[in-house]
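Everything on this sheet refers to the single structure shown next.
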2 protein chains.
Amino acid sequence: MLFSKTMRHKTVTIRDVAKRAGVGVSTVSYVLNGHNDHVSPATRDLILTAARELNYRPNAIARSMVKRQTATIGLIITELQNALFIPVTEGVEEVLQPEGYHILLASAGDATSEVNAIETMRAQQVDGFIIMSLSMRFPVDHLLQLRDAGIPFVVINRDLNSNEISQIRLDEDSAGRMATEHLISLGHTRIATITGPLSNDPLIRRQSAFGRYQGWRSTLEEHGLPISEHWILDGHYTFEGGYQAGLKLASRIKKRSGPPTACFVASDMMAVGALKALHDAGLQVPDDLAVVTIGDPPFAAYTIPALTTLEMPIAEAGRIAARMVVESLKAKKPLDPQCITLGFKLRIRESCGARG
Amino acid sequence: MLFSKTMRHKTVTIRDVAKRAGVGVSTVSYVLNGHNDHVSPATRDLILTAARELNYRPNAIARSMVKRQTATIGLIITELQNALFIPVTEGVEEVLQPEGYHILLASAGDATSEVNAIETMRAQQVDGFIIMSLSMRFPVDHLLQLRDAGIPFVVINRDLNSNEISQIRLDEDSAGRMATEHLISLGHTRIATITGPLSNDPLIRRQSAFGRYQGWRSTLEEHGLPISEHWILDGHYTFEGGYQAGLKLASRIKKRSGPPTACFVASDMMAVGALKALHDAGLQVPDDLAVVTIGDPPFAAYTIPALTTLEMPIAEAGRIAARMVVESLKAKKPLDPQCITLGFKLRIRESCGARG
DNA sequence: TTGAAAGCGCTAACAC
DNA sequence: GTGTTAGCGCTTTCAA
């Protein structure tokens with residue numbers, strides 16, 4: 001260490017480096033930014049050693065100040081507790097980091113705090129936004145405002161019927177269809193469903209829940225298969241909700257009055273709950289009830305039985321979103337609004353039986 | 001909207017507000033920062049309306065520039081995929097957000113990228129750091145350097161034998177002991193363990209794995225209970241590792257040559273794997289083998305059987321860490337290094353039998 | 001009670 | 001090739 005303890009709070013600036021190297025600040029700036037074409041190798045070395053000797057550390061804030069960009073992207077998540085948080089963040093980081101962008105993170109569970117988070121981050125001068133939501137209905141005004149401000153951003157997993165906003169959606173309807181088709185292809189004709197929150201309360205209702213449910217319903221209708229209202233159970237997208245729904249299903253099966261032989265469970269958490277309920281009720285999966293679900297968490301292969309499920313392309317959504325805003329930033333062109341819809345992939349394991 | 005589309009990129013500055021209100025910039029600054037004592041209510045109103053009319057948005061970057069602090073904390077995580085990521089982040093955000101601090105997020109899986117991440121964030125002028133690790137052995141030099149720079153930071157869950165660095169540790173040893181004691185209190189005398197990576201390779205080895213293993217071992221020794229080397233299986237802290245270890249345990253149990261009747265599984269992921277292995281082998285938990293584990297993920301109550309486990313105080317660690325660095329920042333005093341050790345809490349469910 | 005002015009550390013014309 | 005200089009938008013003495 002070159003510094004005594006007493007000096008350590010004095011920040012070394014580009015001016016100090018310039019002085020020590022006996023050159024002007026702009027030359028230092030050029031070298032530090034790799035604009036070597038304009039600088040002779042000799043001065044270059046001079047500057048580099050001076051910087052090293054002084055333990056110089058460029059101040060990115062000052063740089064942002066003049067360049068008027070921060071190389072920082074705001075990542076807003078509606079719920080940290082949500083399992084999707086990990087994969088999006090992974091995807092986002094994976095593309096942002098090599099591009100030299102940083103992530104400013106905030107969680108915002110409702111519309112008000114989302115507005116606040118965006119406002120704060122705009123104050124922090126983030127260059128763009130990635131907003132990962134829970135597919136609830138949210139007001140859209142503040143997003144349009146963002147767009148008007150020319151700040152690139154993309155919304156993942158929200159139900160927006162605006163074509164002025166870039167968004168990445170998951171094809172929930174076709175997920176419901178794929179799951180149901182899978183069950184039908186296995187010979188099932190009596191198929192129940194455990195849904196996410198279908199409430200009309202916009203604060204609770206999840207669009208994904210509705211989409212998945214619709215997919216299930218349409219598929220049964222198209223195949224001319226029976227739909228019993230008793231076979232539609234709301235599991236609230238929670239473990240416990242899935243458990244309770246599973247219990248109801250189990251009692252129905254035990255009564256043997258034309259019970260379902262299969263069930264489409266709209267989320268992995270609910271599926272885990274349902275599996276336990278069925279087990280607790282003394283029923284066998286898949287023999288008494290085949291189960292297919294959505295979401296492929298790490299534990300899906302280790303439940304009893306292992307879950308046949310539709311993998312959600314969440315990390316991919318994160319990657320795409322990140323790429324979109326980075327592209328826009330690099331091209332210095334506004335992000336022209338597009339809606340990308342991502343599909344799900346079937347992972348066959350045990351919960352629908354050995355054949356699939 | 002007051003602006004036409006063409007003007008929307010012209011940023012409104014404090015000077016514009018001052019001009020419009022017919023006052024000096026300093027007065028505007030006072031008002032905007034709530035230093036109302038020095039300003040007459042009349043001018044105050046003037047300024048506030050001017051700001052509103054211009055849709056003025058303060059530039060936090062410029063502010064940071066002069067105040068030389070950013071109200072931003074760097075959060076460095078060794079592995080986004082790790083389940084602990086969610087609870088720490090939650091804890092950290094919970095205390096940081098109301099204090100007006102922001103989170104700059106980065107993942108860094110090895111020592112080199114940790115050094116890089118810290119360097120980048122220092123360039124970004126973060127005010128402090130929270131470093132959440134995987135309890136591997138990491139070099140400590142860059143941390144000491146951070147400390148010398150007077151930047152407050154705390155390290156969570158790393159095995160540092162430096163008393164110059166603030167850290168929050170989990171009492172892994174006593175977790176191992178508690179788990180084992182629980183099994184013993186239930187009458188078990190033949191107790192196996194599935195451990196985390198115990199390898200001597202510092203890149204793989206986890207200190208937590210070692211601590212938990214030691215806790216198990218010491219407890220058995222103190223009780224004069226037998227320890228068979230065959231009862232120590234490395235499950236690598238993964239689902240699959242737990243599964244494989246579970247399979248081995250199962251074959252040992254079936255041979256009936258003095259098999260273990262209980263097992264301390266050092267992580268919840270491994271426990272889930274082991275549960276499945278035991279099930280696949282046709283064995284019953286807890287009847288054929290009681291299982292106690294560490295980590296209380298949301299699904300723990302819904303495995304078959306539900307996991308009796310030791311809850312890790314990870315969110316609490318995040319909260320404490322965040323509080324520590326915020327305190328230090330507010331007091332403008334260096335964080336005096338302390339090592340806080342957090343304990344685990346027993347959650348009794350089904351995997352050790354109805355009695356516990 | 002208010003305003004003018006001097007920076008915070010850096011980049012990028014613009015001169016030489 | 002290299003140095004001088006004018007800001008980026010804000011806070012904060014210091015005078016008035």
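Just so we're clear, the structure is a prediction, and the values are computed from it rather than from any experiment. FYI, side chains are in, hydrogens and waters are out, and symmetry mates aren't considered; it's all heavy atoms of this structure. Within every chain, numbering begins at 1; the chains are lettered A, B, ... in the order of the sequence lines, protein sequences first and strands thereafter.
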All side chain to side chain donor-acceptor pair (under 3.5 Å) counterparts of [X], not counting sequence neighbours:
{"X": "A/T120", "value": "none"}
{"X": "B/Q124", "value": "A/H102"}
{"X": "B/S40", "value": "B/T43"}
{"X": "A/H35", "value": "none"}

For residues 325-341 of chain A, dump all side-chain donor-acceptor pairs below 3.5 Å to protein atoms at least two apart in sequence or in another chain.
| residue | atom | partner | partner atom | Å |
| --- | --- | --- | --- | --- |
| A/S328 | OG | A/K333 | O | 2.7 |
| A/K330 | NZ | A/E99 | OE1 | 2.9 |

Sequence-distant partners of B/F85, ring pair (Phe, Tyr, Trp, His ring centres under 6.0 Å), two or more places apart: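 B/F85 satisfies ring pair (Phe, Tyr, Trp, His ring centres under 6.0 Å) with A/F85 only.
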
For B/F129, all residues meeting ring pair (Phe, Tyr, Trp, His ring centres under 6.0 Å), sequence neighbours excluded: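 If we apply the ring pair (Phe, Tyr, Trp, His ring centres under 6.0 Å) test to B/F129, skipping adjacent residues, there are no hits.
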
Nucleotides bounding contact with chain A, strand DNA chain D, heavy-atom threshold 4.0 Å: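 Here the contact window of chain A covers D/dG1 to D/dG9.
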
Output the rounded distance in Å from [atom1] ([X]) to [atom2] ([N]).
{"X": "A/M65", "N": "C/dT11", "atom1": "CE", "atom2": "C1'", "result": "12 Å"}
{"X": "B/Q125", "N": "C/dC10", "atom1": "CD", "atom2": "C1'", "result": "11 Å"}
{"X": "A/Q69", "N": "C/dT11", "atom1": "CD", "atom2": "P", "result": "12 Å"}
{"X": "A/L32", "N": "C/dC10", "atom1": "CG", "atom2": "C1'", "result": "10 Å"}
{"X": "B/R63", "N": "C/dG9", "atom1": "CZ", "atom2": "P", "result": "17 Å"}
{"X": "B/K19", "N": "C/dG3", "atom1": "NZ", "atom2": "C1'", "result": "15 Å"}
{"X": "A/N33", "N": "C/dG9", "atom1": "CG", "atom2": "P", "result": "17 Å"}
{"X": "A/L54", "N": "C/dG9", "atom1": "CG", "atom2": "C1'", "result": "15 Å"}

Touch class at under 4.0 angstrom, heavy-atom based, for [X] against every strand present:
{"X": "A/V25", "result": "base"}
{"X": "A/T43", "result": "sugar-phosphate"}
{"X": "A/S40", "result": "sugar-phosphate"}

Residue whose nearest DNA chain C nucleotide is more 5′ - B/V23 or A/V28: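 By nearest-heavy-atom nucleotide position, the 5'-most residue is B/V23.
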
Under 3.5 Å: donor-acceptor pair, side chain of A/T78, backbone of A/M132: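 Checked: pair present.
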
Given DNA chain D, 5'-ward residue of the pair B/I61 and B/T27, judged by closest heavy atom: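 That would be B/I61.
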
Test: B/E94 and B/R323 ion pair at under 4.0 Å: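 Result for this pair is no, no salt bridge flagged.
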
Hey, does the side chain of [X] come within less than 4.0 Å of [N]'s phosphate (OP1/OP2), counting only N and O?
{"X": "A/T13", "N": "C/dC8", "result": "no"}
{"X": "A/T11", "N": "C/dC8", "result": "no"}
{"X": "B/R68", "N": "C/dC8", "result": "no"}

N/O to N/O distances under 3.5 Å, protein versus nucleotides 14-16 of chain C:
none

B/S26 (side chain) and C/dA5 (base): donor-acceptor pair under 3.5 Å: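 Donor-acceptor pair under 3.5 Å: no.
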
side-chain contact (heavy atoms from CB on, under 4.5 Å) involving B/K67 - partner list, sequence neighbours excluded: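 B/K67 satisfies side-chain contact (heavy atoms from CB on, under 4.5 Å) with B/R63, B/Q69 once adjacent residues are dropped.
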
Counterpart residues, salt bridge (charged side-chain N to carboxylate O under 4.0 Å, His left out), relative to B/E93 (two or more places apart):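 B/E93: no salt bridge (charged side-chain N to carboxylate O under 4.0 Å, His left out) contacts found.
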
Estimated bend of the helix from C/dT1-D/dA16 to C/dC16-D/dG1 (axis per five terminal pairs, rounded to 10 degrees):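 Answer rounded to 10°: the end axes differ by 40°.
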
Minimum side-chain heavy-atom gap B/Y101-B/D127 below 4.5 Å: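 Contact flag for B/Y101/B/D127 side chains = yes.
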
